[in-house]
Amino acid sequence: IDDLIESISATEATLNLLWKREANNVDKPKLKIFVFSKNRDFKEYSINRNLAGFYTQTGNEPYIFIGSDSQKSVILHEIAHHFQIGGNNFNFPEWYVEGFAELVSTIETRRGSIRFGKAPDRLRIFNQRRPMKIRDLFENTYKKDIISSNVFYATSWALIKTILFSDDKSLSVGFDK
């Protein structure tokens, strides 16, 4: 649990720096994270049974709900949503929201340093399917089944990584027009 708390704190500090926000804004409601003790209970509570976790706001109160089987990357992904969506009046496109959250989900902390940007687990979907066409990505024209969703998330991550790290020659994911 100490590793998880360190990762959450490092993620918050990194996002505060990237978003140029005050680190300890006392007026901002505290994010509450709920971990279900049984994954089955989370699946019954969740709107979509394919989700590993989700971020929501009720009024001004932000929450993250995750299943017991969820990995640290799921919590970090949802924390990214909190920074993008929480208290923000701007609606980012879904590809950006999910791609950036996938990038944040890869944050690793070691000896006081922070690293992020490595390929998320769901990028393995490209072994089975090609990335989405950019037009389809921007228009959100994908089926909401688990395979199509993973292709959407992985393609969104690849585009965000390409945008943010454009000199990264190791990223060999191609996009069809």
Side-chain angles (χ1 to χ4, degrees), residues 1-123 140 142 144-146 148-150 152-154 156-157 159-161 164:
I1 191 106
D2 289 340
D3 179 49
L4 180 59
I5 291 170
E6 180 185 351
S7 292
I8 290 171
S9 296
T11 300
E12 183 177 37
T14 301
L15 292 174
N16 279 327
L17 184 66
L18 290 172
W19 289 88
K20 298 179 179 158
R21 290 187 181 170
E22 294 288 324
N24 293 317
N25 186 346
V26 292
D27 296 337
K28 189 170 83 174
K30 296 281 186 207
L31 175 65
K32 295 166 187 70
I33 301 173
F34 292 90
V35 180
F36 284 75
S37 61
K38 294 180 181 157
N39 216 45
R40 159 177 48 95
D41 294 340
F42 170 75
K43 297 293 183 189
E44 289 176 14
Y45 183 80
S46 173
I47 299 167
N48 180 337
R49 298 180 83 65
N50 293 328
L51 294 177
F54 64 93
Y55 170 82
T56 190
Q57 275 190 250
T58 304
N60 200 24
E61 298 293 319
Y63 300 95
I64 290 175
F65 296 93
I66 61 168
S68 60
D69 294 344
S70 295
Q71 300 171 345
K72 176 176 72 173
S73 61
V74 173
I75 294 173
L76 300 182
H77 177 106
E78 300 307 331
I79 286 172
H81 290 326
H82 173 60
F83 274 80
Q84 292 172 306
I85 300 167
N88 193 343
N89 293 329
F90 183 78
N91 290 325
F92 294 103
E94 187 177 2
W95 66 266
Y96 176 82
V97 169
E98 298 303 345
F100 187 77
E102 283 295 287
L103 186 71
V104 169
S105 76
T106 67
I107 286 180
E108 295 176 344
T109 56
R110 285 196 191 117
R111 291 178 240 131
S113 68
I114 299 168
R115 297 177 58 173
F116 70 101
K118 73 175 192 169
D121 290 340
R122 74 173 96 227
L123 196 65
N140 290 342
Y142 70 97
K144 304 296 184 187
D145 64 90
I146 195 156
S148 299
S149 293
N150 280 329
F152 174 80
Y153 279 65
S156 297
W157 168 85
L159 180 57
I160 290 296
K161 184 160 191 249
L164 294 178

Q: Starting from the C-alpha separation in whole Å, work towards a yes-or-no answer on side chain to side chain contact (heavy atoms under 4.5 Å, CB included) for F152 and E94.
A: CA-CA 10 Å; F152 174 80; E94 187 177 2; 3.7 Å; yes
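- Ring planes of H81 and H77: perpendicular class, angle over 60° (limits at 30 and 60°).
- No donor-acceptor pair under 3.5 Å is formed between the side chain of E108 and the backbone N or O of R115.
- A101 approaches A80 most closely through the heavy-atom pair CA-CB, 3.6 Å.
- Side-chain contact between S46 and F54: present, with at least one pair of heavy atoms (C-beta onward) separated by less than 4.5 Å.
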Q: Assess whether side chain to side chain contact (heavy atoms under 4.5 Å, CB included) is satisfied between V104 and I79, documenting all intermediate values.
A: CA-CA 8 Å; V104 169; I79 286 172; 5.7 Å; no
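- A donor-acceptor pair is defined here as one N or O able to donate and one able to accept, closer than 3.5 Å; no such pair exists between the side chain of S73 and the backbone of T106.
- Counting heavy atoms from C-beta outward, F65 and L51 have side chains that stay 4.5 Å or more apart.
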Q: Please report the C-alpha distance between I33 and I8 in whole Å, then the side-chain angles of each, then the deciding distance to 0.1 Å, and finally whether the side chain to side chain contact (heavy atoms under 4.5 Å, CB included) criterion is met.
A: CA-CA 11 Å; I33 301 173; I8 290 171; 4.1 Å; yes
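- When all heavy atoms of I66 and F42 are compared, the closest pair comes out as C-CD1, 3.7 Å.
- Remark: S105 OG to L76 CG distance equals 7.0 Å, nearest 0.5 Å.
- In terms of heavy atoms, Q71 sits closest to D121 at OE1-OD2, 3.5 Å.
- The side-chain heavy atoms of L15 and F100, taken from C-beta on, include a pair separated by under 4.5 Å.
- Within the 4.5 Å cutoff, the side chain of W95 has heavy atoms near those of the I160 side chain.
- Using a 4.5 Å heavy-atom threshold, the side chains of K43 and F36 count as separate.
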